[in-house]
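Computed over heavy atoms, backbone and side chain alike; hydrogens, waters and symmetry mates excluded.
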Amino acid sequence: MRTRGLIAVLLALTVTTVTGCAQSVDPIERLGKKAAQRVRPLSRGPGSPGSPAGPGRSGQEPLPPVVDHVPTHDKVVFLTYDDGAERDPRFVDLVRELRLPVSVFLTDSVVGPGYGHFARLRSVGATLENHTLDHAALRGLPYAGQRAEICGQQEKLHARFGLRARLFRPPYGTYDTTTLRAAADCGITAVVLWRAAMGPAGLTYPHGAPGLRPGDIVALDPDESTGPSLRERTTALLRVLRERGLTVGKLEDHLEGLGGRIGAEKPPTRRRD
């Protein structure tokens, strides 16, 4: 009897020990519910085996936030450039000399054979991001077409530079929910618009009150045929920033540091070439 009782006690202790281990092996549980929600699975990259096939899949990535302004206490604004038509070596010199952390959103059909220029621009501190393969207006297109435009440019950037862009700017600033789903499936973490634009005539404000404020995203018009060069427009904008006590920040770093605080308000779509 004593032997049977001892065996029963040992069995009970063994079951308790095994059960306790099983409850503690999952590190996600130890992070807590809120922390676990911020843990993203490893991206397999667009077009790889097992990649998401569409917006109706299970376990889909959260939609990326849409931003034209980044909440920050730093007195910085963010300079962004589109398309890739401009290939003036003087602009590369400006970025290098001033160490400007600019973001350049590239379109493959516009860049054409000019990727070497952007390799040089990247080497002096610019960050290259996604602006689609063919500069198509995405809003209203089916999921497959939008995903092809975004993921296709991801593959181009990866083939040319060994990178996968985390930010995406839709051509003309137009998008819909399908755009956001396709962008998420292509590894995009934020869709970037702009609150101010710098063109030949100076600053304009398509969204919100006039006047630059810390955290604003500024788009610089790439068309040099209608006025001052991109270097000259950038220099003029830098003078405005200096007068207002502002400097240039790196957009990618500020977006990464904000996590869930970005994208609380989604600005309306707006057209711009």
Side-chain angles (χ1 to χ4, degrees), residues 67-107 110-111 114-131 157 160-163 165-169 190 192-206 208 210-258 262 272-273:
V67 296
D68 67 355
H69 175 90
V70 182
T72 179
H73 295 296
D74 299 330
K75 292 186 176 182
V76 297
V77 298
F78 309 103
L79 305 191
T80 64
Y81 301 79
D82 290 358
D83 302 343
E86 179 280 324
R87 292 190 272 279
D88 183 357
R90 298 173 300 164
F91 180 68
V92 179
D93 293 338
L94 180 69
V95 172
R96 183 187 66 250
E97 291 163 5
L98 301 183
R99 299 182 180 180
L100 292 176
V102 300
S103 301
V104 183
F105 293 81
L106 295 181
T107 296
V110 177
V111 175
Y115 276 103
H117 168 83
F118 294 98
R120 291 189 292 274
L121 193 56
R122 183 180 181 224
S123 72
V124 298
T127 303
L128 306 183
E129 303 291 2
N130 189 324
H131 197 41
L157 293 172
R160 295 282 185 172
F161 306 108
L163 64 87
R166 307 303 291 173
L167 305 184
F168 170 67
R169 173 168 285 166
V192 178
L193 302 183
W194 58 94
R195 205 189 78 81
M198 184 70 175
L203 281 165
T204 59
Y205 300 89
L212 285 176
R213 55 181 179 170
D216 280 348
I217 297 171
V218 183
L220 283 92
D221 192 337
D223 184 5
E224 294 190 0
S225 64
T226 58
S229 70
L230 198 56
R231 177 189 172 105
E232 291 168 335
R233 295 178 195 178
T234 302
T235 301
L237 177 58
L238 293 175
R239 293 193 189 101
V240 173
L241 299 184
R242 184 174 58 188
E243 292 170 358
R244 302 183 185 184
L246 298 169
T247 187
V248 181
K250 185 172 182 177
L251 178 60
E252 289 77 9
D253 288 351
H254 280 71
L255 287 178
E256 182 179 351
L258 284 171
I262 60 176
R272 176 175 169 272
D273 293 337

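- The closest side-chain heavy-atom distance from Thr234 to Tyr81 is below 4.5 Å.
- The shortest distance between side-chain heavy atoms of Pro101 and Val248 falls below 4.5 Å.
- Using a 4.5 Å cut-off on side-chain heavy atoms (C-beta onward), Leu203 and Val218 make contact.
- Contact between Asp216 and Gly211 at its shortest, heavy atoms only, is OD2-O, 3.9 Å.
- The two atoms that bring Arg120 and Ser123 nearest to each other are O-OG, 2.6 Å, heavy atoms only.
- When atom types are taken as modelled, the side chain of Thr80 and the backbone of Ser103 share no donor-acceptor pair closer than 3.5 angstrom.
- Taking OG1 of Thr107 as the reference point, atom CG of Asp82 lies at 7.5 Å (rounded to 0.5 Å).
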I would like to know whether Arg233 and Leu237 meet side-chain contact (heavy atoms from CB on, under 4.5 Å); could you show each step before the answer? CA-CA 6 Å; Arg233 295 178 195 178; Leu237 177 58; over 6 Å; no
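- A donor-acceptor pair is defined here as one N or O able to donate and one able to accept, closer than 3.5 Å; such a pair exists between the side chain of Arg87 and the backbone of Val111.
- For the atom pair Leu255 CG and Ile217 CD1, the distance stands at 6.0 Å (nearest 0.5 Å).
- Ion pairing between a basic and an acidic side chain is recognised when a charged N comes within 4.0 Å of a carboxylate O; Arg96 and Asp93 show such pairing.
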Residue pair Lys75, Leu246: steps toward the side-chain contact (heavy atoms from CB on, under 4.5 Å) verdict: CA-CA 5 Å; Lys75 292 186 176 182; Leu246 298 169; 4.0 Å; yes
Assess whether side-chain contact (heavy atoms from CB on, under 4.5 Å) is satisfied between Asp88 and Leu230, documenting all intermediate values. CA-CA 8 Å; Asp88 183 357; Leu230 198 56; over 6 Å; no
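- Of the residues Val67, Val102, Val70, the one that meets the side chain to side chain contact (heavy atoms under 4.5 Å, CB included) test with Leu251 is Val70.
- When side chains are defined from C-beta on, Arg239 counts as touching Thr235, because their heavy atoms get closer than 4.5 Å.
- Going from atom CG of Leu167 over to atom OG1 of Thr127 covers 8.5 Å, rounded to the nearest 0.5 Å.
- Residues Arg160 and Leu128 have side chains not in contact (no heavy-atom distance under 4.5 Å, counting atoms from C-beta outward).
- For the pair Glu129 and Ala165, the tightest heavy-atom approach, listed with the atom from each and the gap, is OE1-CB, 3.3 Å.
- Closest approach of Arg169 to Leu193, counting heavy atoms only: NH2-O, 2.7 Å.
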Check the pair Val76 / His254 against side-chain contact (heavy atoms from CB on, under 4.5 Å), numbers first and verdict last. CA-CA 10 Å; Val76 297; His254 280 71; 3.8 Å; yes
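- Contact between Pro206 and Ala197 at its shortest, heavy atoms only, is CD-N, 4.4 Å.
- Shown here for Val192 and Phe105, the closest heavy-atom pair between the two residues is CB-CZ, 3.9 Å.
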